[in-house]
Every structure is written in C-alpha cells, then in structure tokens.
There are 2 protein chains.
Amino acid sequence: MATPQLTKNQTMVMDALSHSEGPLSAYTILDKLRDQGFRAPLQVYRALDKLLEYGLVHRLESLNAFVACTCPHEHEHDHGVTAFTICEGCGQVTEFHDIAIEQRLSALTRAQSFKTEKTTIEIRGHCQSCV
Amino acid sequence: MATPQLTKNQTMVMDALSHSEGPLSAYTILDKLRDQGFRAPLQVYRALDKLLEYGLVHRLESLNAFVACTCPHEHEHDHGVTAFTICEGCGQVTEFHDIAIEQRLSALTRAQSFKTEKTTIEIRGHCQSCV
DNA sequence: ATCGCACACGTTATAGCATAACGCAATTGA
DNA sequence: TCAATTGCGTTATGCTATAACGTGTGCGAT
C-alpha cells in the first residue's frame with residue numbers, strides 16, 4: 001500500500017508523534033494539538049487510523065498509546081512482525097524486527113491452520129539506563 | 001509463588017472465567033456476577049489482580065480482556081513466555097508456549113541489556129473454522 | 001490481651017480510552 | 001450533473017480502569 005499525501009490533521013498527528021521522545025496516548029496528542037485547532041478525540045483517532053493503515057505509526061497495546069514508526073525507509077512495504085521493548089522507567093520504546101521469530105511464529109500458526117492478520121509483541125521491563 | 005487459598009470474590013471471578021468459552025472483559029464478568037452480589041468494578045479488578053499474580057489468569061492486552069490459564073498443571077511455577085492466537089471470527093483464544101521464541105527474545109533483549117519483566121505475544125487472525 | 005499490621009472487602013466518585021451517529025464540504029469520476 | 005467517496009467537525013455516549021475513603025477480620029509481637 002503506497003502512502004498517499006497526508007491530510008492536514010494526519011500531518012499534525014504524525015508530527016506530534018515524530019517529535020515526541022516516547023509513546024503518546026490519543027488524548028495526550030489531542031492536548032498537544034489544541035492550540036492548532038483540535039477539539040475532539042475523534043479528530044485524533046481518525047488520523048491515527050489512517051497513519052496505522054499506512055504503517056507510519058504503531059499502536060502499543062499494553063500502553064494504549066502510539067509511536068511513530070522508526071523504520072522511515074520501509075514505508076512502502078510491509079515490514080512483517082514488529083516487536084517492541086518498553087522501559088517502565090524512562091518510557092523509552094525500541095522497535096525491532098527479527099526474522100527468526102517471525103518464521104517461528106509462522107510455523108506455529110501454520111501448524112494450527114491459523115491465518116495471522118496482526119502480530120503484537122511487546123516486552124515490558126527496564127532498559128540499561130534504568131537498572 | 002505458591003497459590004494460596006482463593007477468597008470468595010477471587011473464586012467467583014475465577015469460576016466465571018473458567019466456565020467461559022472465550023475471554024471476558026472485567027465489566028462482562030461484573031455483569032455475570034451481579035446475581036451473586038457483585039456491585040462494583042473494583043471487586044472484579046481486585047480479584048483479577050490477584051489471579052494474574054498467581055498465574056491463574058492471563059490478560060489479553062489487545063482485547064482488554066481476561067482468560068483463564070489453560071495450563072492447570074503448571075500453576076506452581078512460572079511458565080515463561082505465554083503467547084496467544086486470537087480468532088476474530090469466533091473469539092477463540094489458544095494459549096501456547098515456545099521455548100525457541102523465548103530463547104530468541106531473551107538473546108535479543110540481552111543484546112540491548114534490557115531486563116524483561118513481562119512479555120506479551122498476541123496473534124490476531126482467523127482460526128481454521130473461521131476461514 | 002490488645003495493639004498494630006496486613007489484607008480483603010464495599011462504596012462512591014472520577015479518570016482515561018474509544019466510538020456512535022449526525023451532518024457538511026470537497027473531490028472524483030461515470 | 002449526479003453519485004460515491006473521503007475527510008472533517010460536533011455532540012453524545014460507552015467502555016475500561018483507578019483513586020480515595022472507610023470497614024472488618026485475622027494474626028503475630030510485645
């Protein structure tokens with residue numbers, strides 16, 4: 001799926017996420033964008049839906065929050081399974097991809113004839129700096 | 001951590017989950033237990049917190065819901081990383097454990113000196129019966 | 001024995017996350 | 001030109017989770 005030109009709202013939400021140190025909740029994004037005319041949660045959620053669809057943003061299920069994708073050069077193609085480490089101390093999120101895990105999961109789901117649509121891998125813990 | 005005797009509330013919540021076909025949200029559990037005297041969400045959440053701690057129940061982050069653990073014989077010991085397939089069609093959840101994935105994730109986090117506390121793996125898709 | 005502590009419980013209120021349902025405006029393409 | 005699609009704005013609502021308060025009970029230490 002090629003990424004079309006982003007709309008004004010989508011661009012504002014994308015910028016908010018890109019310039020953030022860590023993940024943001026939809027309501028935090030809303031607060032950041034109130035100055036720029038945002039008034040309602042739906043404005044954020046609608047933009048996020050599209051950004052997720054385009055693969056520019058990831059949703060962190062265990063945080064109910066969103067991060068900009070850190071693979072800017074891979075926006076044109078599906079980059080398979082995405083995994084995250086999430087530091088409970090500093091909030092830092094690191095995105096990574098691992099073909100071995102992807103293949104192993106693929107083998108396991110194939111064994112139960114399960115058709116995978118979306119895979120969530122999130123590792124909560126503490127990063128090197130946060131002991 | 002040995003599993004202590006469950007309290008009355010914990011037992012009721014556990015039973016609700018055990019007898020359910022699929023995952024239940026906290027509020028769905030509350031509704032099921034109103035007849036038996038439950039009145040408030042916290043009664044459910046407090047019981048769930050303990051059941052999670054004892055490893056009798058798992059939380060599905062991508063559904064905001066809970067399932068009874070399907071490894072009844074392993075309650076005494078930590079059974080490492082737990083993964084789930086979740087069918088969008090029938091709602092069926094299958095729990096599984098894979099040492100290869102666990103080891104691979106362990107190697108990857110060790111490489112970034114990340115100390116893992118909890119790992120979430122949830123695969124959304126469709127089961128064999130639901131095409 | 002009784003004091004202090006830990007723990008489960010009950011209740012009310014509130015915070016945080018997400019979507020339904022309506023209507024309007026702009027774009028596109030048959 | 002008309003219909004279909006898409007994005008947008010607004011109000012209202014629903015679902016998920018926790019804060020803050022107080023009560024009661026069991027139990028070990030002094």
Side-chain angles (χ1 to χ4, degrees), chain A residues 1-17 20 22-54 56-67 86 88 91 118 120 122 124, chain B residues 1-17 20 22-54 56-67 86 88 91 118 120 122 124:
Chain A
M1 170 196 340
T3 304
Q5 190 60 33
L6 298 184
T7 68
K8 186 161 150 292
N9 283 6
Q10 287 160 19
T11 303
M12 288 194 281
V13 170
M14 190 67 216
D15 285 350
L17 284 171
S20 165
L24 299 176
S25 76
Y27 277 71
T28 303
I29 295 171
L30 175 57
D31 288 340
K32 283 183 183 295
L33 295 180
R34 279 193 202 282
D35 298 353
Q36 294 157 70
F38 272 52
R39 314 295 311 277
L42 232 61
Q43 296 176 282
V44 178
Y45 282 109
R46 289 204 273 232
L48 285 171
D49 283 347
K50 285 301 179 182
L51 295 172
L52 288 166
E53 184 184 326
Y54 303 152
L56 299 175
V57 162
H58 299 291
R59 174 184 171 81
L60 299 174
E61 301 289 351
S62 66
L63 293 181
N64 293 324
F66 304 85
V67 284
I86 302 170
E88 313 266 9
K118 175 156 197 301
T120 297
E122 298 178 16
R124 306 283 292 265
Chain B
M1 171 195 341
T3 304
Q5 191 59 32
L6 298 184
T7 68
K8 184 161 151 293
N9 284 5
Q10 287 158 19
T11 303
M12 287 194 281
V13 170
M14 190 68 215
D15 285 351
L17 284 171
S20 165
L24 299 177
S25 76
Y27 278 73
T28 303
I29 295 172
L30 175 58
D31 287 340
K32 282 184 183 295
L33 296 180
R34 279 193 200 281
D35 298 352
Q36 294 158 69
F38 272 51
R39 314 295 312 275
L42 260 186
Q43 297 177 280
V44 178
Y45 282 110
R46 289 204 271 233
L48 285 171
D49 282 346
K50 287 299 179 184
L51 296 172
L52 288 167
E53 184 184 325
Y54 303 152
L56 299 175
V57 161
H58 298 292
R59 174 183 172 79
L60 299 173
E61 301 289 351
S62 66
L63 293 181
N64 293 325
F66 304 85
V67 284
I86 303 170
E88 314 266 9
K118 174 156 198 300
T120 298
E122 298 178 15
R124 307 284 293 266

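Since the model is a prediction, treat every value here as computed from it, not as a measurement. Each chain gets a letter, A, B and so on, in the order its sequence line appears, and its residues count up from 1.
OP1 or OP2 of D:dA17 lies within a sub-4.0 Å distance of a side-chain N or O belonging to B:Asn64. Using a 4.0 Å cut-off, some side-chain N or O of B:Arg59 falls inside it from OP1 or OP2 of D:dA17. For the OP1/OP2 pair of C:dC17 and a distance below 4.0 Å, the side-chain nitrogens and oxygens of A:Ser25 include at least one atom meeting the criterion. The phosphate of C:dG10 has OP1 or OP2 within less than 4.0 Å of a side-chain N or O from B:Gln43. Of the side-chain N and O atoms in B:Lys50, one or more sit less than 4.0 angstrom from OP1 or OP2 of C:dA8. The shortest distance between the side-chain N/O atoms of A:Asn9 and the OP1/OP2 oxygens of D:dG9 is below 4.0 Å.
Atom pair B:Leu48:CG and C:dC9:C1' shows a separation of 15 Å (rounding to whole Å applied). Here C:dA6 presents its C1' atom at 14 Å from CZ of B:Arg46, a figure rounded to the nearest Å. With rounding to whole Å, A:Gln36 atom CD is found 14 Å from D:dC8 atom P. If you measure from atom CG of B:Leu63 to atom C1' of C:dC17, you get 15 Å, rounded to the nearest angstrom. Atom CG of B:Leu30 and atom C1' of D:dT18 are 15 Å apart (whole Å). Atoms CG (A:Leu42) and P (D:dG14) sit 16 Å apart, rounded to a whole Å. The interatomic distance linking B:Phe38 (CZ) with C:dC9 (P) rounds to 8 Å, in whole Å. As rounded to whole Å, 15 Å separates atom C1' of C:dC7 from atom CG of B:Leu6.
Contact check for A:Val57 versus A:Met14: side-chain heavy atoms found under the 4.5 Å cut-off. B:Arg124 is listed as a side-chain neighbour of B:Leu63, based on a closest heavy-atom distance under 4.5 Å.
Distance alone, capped at 3.5 Å, is enough to place a donor-acceptor pair between the B:Gln10 side chain and the B:Thr7 backbone.
Closest of all the heavy-atom pairs between A:Leu17 and A:Phe66 is CD2-O, 3.3 Å.
A donor atom on one side chain and an acceptor atom on the other are found under 3.5 Å apart for A:Ser62 and A:Glu122.
Residues A:Arg39 and B:Ala65 both approach DNA chain D. Their nearest nucleotides, taken by heavy-atom distance, put A:Arg39 toward the 5′ side. With DNA chain C read from its 5' end, the first of the two nearest nucleotides for B:Thr7 and B:Tyr27 is the one closest to B:Thr7.
Here the nucleotide nearest the side chain of B:Tyr45, chosen from C:dT12, C:dA18, D:dT16, is D:dT16. Nearest to the side-chain atoms of A:Ala40 among the listed nucleotides D:dT11, D:dG7, C:dA21 stands D:dT11.
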